[in-house]
Protein chains: 2
Amino acid sequence: MQQSIQLSVDAVVFGYESGTVSVLLIKRKYEPFKGQWAIPGGFVLNKESLEEAVQRELKEETGLEINYLEQLYTFGNPDRDPRNRVVSVAYFGLIKPSAFKIFASTDAEAVQWFDINELPNLSFDHDSILKLAINRLQNKMTYEPIGFELLDNKFPFSDIEKLYSSLLGRAIDRRNFRKKLLSFNILDELNEKTSKGSGRPAKLFKFNKKRYFKLKEEGIIFDI
Amino acid sequence: MQQSIQLSVDAVVFGYESGTVSVLLIKRKYEPFKGQWAIPGGFVLNKESLEEAVQRELKEETGLEINYLEQLYTFGNPDRDPRNRVVSVAYFGLIKPSAFKIFASTDAEAVQWFDINELPNLSFDHDSILKLAINRLQNKMTYEPIGFELLDNKFPFSDIEKLYSSLLGRAIDRRNFRKKLLSFNILDELNEKTSKGSGRPAKLFKFNKKRYFKLKEEGIIFDI
DNA sequence: TCAAAAGTGTTGATTCTACACCCATGG
DNA sequence: CCATGGGTGTAGAATCAACACTTTTGA
């Protein structure tokens, strides 16, 4: 048997910052799809694990170093790459863009965050990968506490609220949401308040990381 | 870049029949792990999709032809195969063993259903694949109607109950379960009863397939 | 004093859980 | 008449969804 299938990995990195959800894309430097936007990714090397590969590729192409990406799905249609047979294992993750510096290198002509409501045309089958990733992210956050590490160390409650309604793409009931979240005991109320901004100053909260990670591991049902 | 990674697929096929949950395994004919049991699977051909590959391999090795397997996870640790680098995309499915004939062929010296509580030693990392598959199956069935096609055309309610408690590996409350299930309106009560067997004869039910598949597609929360 | 955002409770509906006794049949 | 499995209801607890007015601050 002569197999000539190439294996690649792709990283769908979502960014969340003050109410905007975005995805990190690169502009391809080479054919195929030269000049078009794509999800960062590349070929797996012989001796590295898939996780290592996806982290390496992400770093090489965008400068991003993040340490947790979750496997999403493996895309293997024979014609998804116009030249060779390439099967790709897609991963996804969620970060806070401002905490990282991004820069184009190797195969990328440019790197950019795109608002997920204003996406360009994507290369290959990357639109379906992205669609699936969004789906999964939204699904996941309804049963697992997720993404709290995206907020500042101390934050007003409205930040989480915005985070959730942005990622879910729909409004959530402020009172019910607060009640629910507080009942999990993962937020410690501080004695400080927000100082500037119009309107009444808000109490600041902080995560109780221990309990947060415990909940996450237990896979507790969140049910937002 | 010289990539020499081989891509394979594996099929975790669960069987359910009258209270017993089993998995289909093959006995390997060749090295590595010659003579040991393994999950059926094999290399993906250049022109076939992953789904085609997993179906073909399953058929070649076990004689089974089933038309729906769901992607589970992709296993890619560099040392999971002692000889070459092999990345494997695992799938899983659930069938009724008696409705199919199985027989060993190609790479398999034997094919056999194993009760999932009495598993032999498995080749490669197949034990972790299997563990993940069981997990996923159990998880899935709590939020999606699943596996009803495993029952006879007409069946007493206790059959579903047994199906669920076997697959979940725990007892379920008979009354609450019946209430819940009936509330979904996917079961039509017939005017027939079971005839033989000791004890009071049971009413027979039949699926309302339309509604069943609709529910399934909608991904309705099942919450058993 | 106005605008802006924060904070806060209740009620009725629904759903969940736990739990035990009688029924119909065949042997 | 006994053994076997089938069938059924309730009550209290918990959770959910819907909903609007008051408070604090800065401008």
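By convention in this document, chain letters (A, B, ...) are assigned in the order of the sequence lines, proteins followed by strands, and residues within each chain are numbered from 1.
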Where the side chain of A:R175 is defined as all heavy atoms beyond and including C-beta, which of C:dT8, C:dA24, D:dG7 is the nearest nucleotide?
C:dT8

Taking the six-membered ring for Trp, are the ring centroids of B:F14 and B:Y16 within less than 6.0 Å of each other?
no

Measuring to OP1 and OP2 of C:dT8, would you say a side-chain N or O of A:K203 lies under 4.0 angstrom away?
yes

Give one of base, sugar-phosphate or nothing for A:S158, where a contact means two heavy atoms less than 4.0 Å apart.
sugar-phosphate

Does B:K179 make a side-chain N or O approach to OP1 or OP2 of C:dT15 shorter than 4.0 Å?
no

For B:K29, does the NZ atom have more than 12 heavy-atom neighbours from other residues, nucleotides or ligands under 6.0 Å away?
yes

Please pick, from C:dG9, C:dA24, C:dA18, the nucleotide with the shortest atom-to-atom distance to any side-chain atom of B:N176.
C:dA18

Any side-chain N or O of B:R178 less than 4.0 Å from the OP1 or OP2 oxygen of D:dG7?
yes

Quick one: label B:K162 by what it contacts on the DNA or RNA (base, sugar-phosphate, nothing), any heavy atom closer than 4.0 Å.
nothing

Test of ring centre spacing under 6.0 Å for A:F184 and A:Y212:
no

Quick one: which of C:dC16, D:dG7, C:dG7 gets closest to the side chain of B:A202?
D:dG7

Check ion pair B:K216-B:E149 (N to O, under 4.0 angstrom)
yes

Looking at B:S198, does any N or O in its side chain come under 4.0 Å of the phosphate oxygens OP1/OP2 on D:dA3?
no

When all nucleic acid strands are considered with a 4.0 Å heavy-atom cut-off, which category describes B:D173: base, sugar-phosphate, or nothing?
base

